[in-house]
Amino acid sequence: MQQEKTDLKSMDLAELTAYVQEQGEKPFRAKQLYQWMHQKQASSFEEMTNLPRAFLEKLKTGATLVCLRPETVQVSAQDGTRKYLFALPDGNVIESVLMRYRHGSSVCVSSQVGCRMGCRFCASTLDGLVRNLAPSEMLDQVYRIMADIGERISNVVVMGTGEPLDNYDNLLRFLSLLTDENGLHISQRSVTVSTCGIVPRMRALADEGLQITLALSLHASAQEKRRELMPVANRYGMEEIMDACRYYVSRTGRRVTFEYSLVAGVNDTAEDARQLAGLLRGMNCHVNLIPVNPIRERDFRQPGRAAVADFKNQLEKYGINGTIRRELGRDIDGACGQLRRRYLGSGKTEE
Ligand code: SAH
């Protein structure tokens, strides 16, 4: 069997230094290589002009520089959102999204090809999990988008396809490379990781000593209702989840974000709002209300504008802060996983 090539872009500086020395080169070459990859976001060895030719040739035989290829880019005429379909080195495809806000640009990164969590309203999970993404493949989504728009990115949210805490080790390495002062140096506080609620991993993340924001996809305030929407709730009950969130706040001092997709007739009543407020009372948190993005495979509908605003007002009446997430890119296969499905021909998501 052919030996797998070394994934240079997934290595930290210490590992890269050891690798470079094994190749008979001076340690400072590792730093140069690292800067080309992570500071200058080089997309080929050819660009690395201050490295000796012979060294680059040696690298090419034993190692790879993972670089994603944009397969398609859809640009929203409404709000400038750009949705990328990237081809991975093995031919799989993933989605990433650039969202533009007044305070800067944010990239939404995928963490897996497909997903095995099975949330009922989500298009990314319909065909299950294909594989985890390597740290390099997560990073390069950010790098390629920056190169495409020629601007720096201020925020990164791990909210694309996949469950990041189901790809924990690669996620941690991605976070450390992304925020490294010798690399792109995105501030930890500008990074959000979103989970459907894998409790032991939420607790582990709380213990990592990071300052990133944790977002918990809640979507229902009662265990029974949550179970119907999210199979993961069969493994971890509401109390365990809330305890893990409180633990995250206590360990990191960071406010937790709760994501709540509003589905008409399922979780959008005044009683739902009251229950949600009760669940979150006293916690340092914020609620992100997202009118569900309907997918063709399921009969989930958005509540009307007024019902969404009502829900937010109800929460505020009980002292819970909420924002209604602006729906970006509705005109370009907005919902998670729709673009990839369409590309693969496995689901027509729009009429
Ligand atoms: N697996 C992680 C991150 C990826 S999903 C998680 O569950 O948090 C990112 C967010 O989009 C989650 O809150 C998810 O529940 C939500 N989401 C997925 N499909 C959606 C849809 N069709 N409409 C609204 N929100 C959706």
Side-chain angles (χ1 to χ4, degrees), residues 83 94-97 99 106-129 132-133 138 141 156-168 170-171 174 191-199 201-202 205 212-220 225-233 235-236 241 244-245 248 256-264 266-268 286-303 308 311 322-330 333-342 347 349-350:
K83 193 148 191 176
I94 52 165
E95 290 179 19
S96 323
V97 186
M99 295 161 293
S106 187
V107 170
C108 176
V109 170
S110 287
S111 57
Q112 297 178 314
V113 182
C115 181
R116 57 176 180 164
M117 294 298 131
C119 297
R120 299 283 300 159
F121 42 81
C122 181
S124 293
T125 196
L126 288 166
D127 296 321
L129 176 68
N132 284 330
L133 292 185
M138 290 189 243
Q141 298 172 51
V156 171
V157 297
V158 189
M159 281 189 192
T161 295
E163 169 49 48
L165 300 191
D166 189 34
N167 184 15
Y168 190 75
N170 288 348
L171 172 77
F174 160 70
V191 179
T192 298
V193 170
S194 176
T195 180
C196 61
I198 302 181
V199 167
R201 299 270 168 77
M202 290 165 70
L205 190 63
I212 59 169
T213 299
L214 181 69
L216 188 274
S217 299
L218 192 60
H219 306 320
K225 206 173 267 189
R226 191 162 189 269
R227 258 201 333 223
E228 281 167 26
L229 294 172
M230 306 176 72
V232 69
R235 268 196 285 162
Y236 307 107
I241 300 248
C245 289
Y248 194 87
V256 169
T257 299
F258 289 95
E259 288 156 282
Y260 194 99
S261 295
L262 284 161
V263 188
V266 174
N267 62 3
D268 66 335
H286 185 86
V287 178
N288 231 329
L289 297 169
I290 318 154
V292 74
N293 210 330
I295 58 174
R296 198 188 178 212
E297 291 78 359
R298 305 266 191 264
D299 189 23
F300 288 141
R301 286 174 304 109
Q302 286 189 355
V308 172
F311 197 92
T323 40
I324 300 170
R325 193 191 290 170
R326 216 156 41 97
E327 286 179 88
L328 296 172
R330 266 308 291 275
D333 294 308
C336 216
Q338 282 189 355
L339 176 58
R340 172 168 173 263
R341 279 180 69 71
R342 187 133 79 136
T349 47
E350 278 175 337

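The structure displayed is predicted, hence computed values, not measured ones. For ligands, and for the atoms within them, numbers begin at 1 and follow the listed sequence.
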Any non-hydrogen side-chain atom of [X] less than 4.5 Å from a side-chain atom of [Y]?
X	Y	result
Leu205	Ile212	yes
Val193	Leu171	yes
Ile290	Ser261	yes
Leu262	Val292	no
Val113	Thr161	no

For ligand 1, which atoms sit closer than 4.0 Å to a heavy atom of [X]?
X	value
Cys196	6 (C), 7 (O), 8 (O)
Gly160	4 (C)
Glu259	10 (C), 12 (C), 13 (O)
Asn293	21 (C), 22 (N), 23 (N), 24 (C)

Q) For Gly197 and Leu216, which heavy atoms make the closest approach, and how far apart are they? A) CA-CD2, 3.6 Å
Q. Of the backbone atoms (N, CA, C, O) and the side-chain heavy atoms from C-beta on, which set of Met117 has a member under 4.0 Å from an atom of ligand 1: side chain, backbone, both, or neither?
A. neither
Q: Record the part of Leu216 in heavy-atom contact with ligand 1 below 4.0 Å; permitted values are side chain, backbone, both and neither.
A: neither
(Q) Gly162 versus ligand 1: do any nitrogen or oxygen atoms come within less than 3.5 Å of each other? (A) yes
Test item, [X] contacting ligand 1 (heavy atom, 4.0 angstrom):
X	result
Met230	no
Met159	yes
Gly197	no

Q.
Would you call the rings of Phe121 and Phe300 parallel, tilted or perpendicular, taking 30° and 60° as the class edges?
A. tilted
Q: For the pair Glu163 and Arg116, evaluate salt bridge (charged side-chain N to carboxylate O under 4.0 Å, His left out) and give the outcome as yes or no after the intermediate values.
A: CA-CA 8 Å; Glu163 169 49 48; Arg116 57 176 180 164; over 6 Å; no
Q: Nearest heavy atom to atom 6 (C) of ligand 1 wins, so pick from Ser110, Cys122, Ser217.
A: Ser217
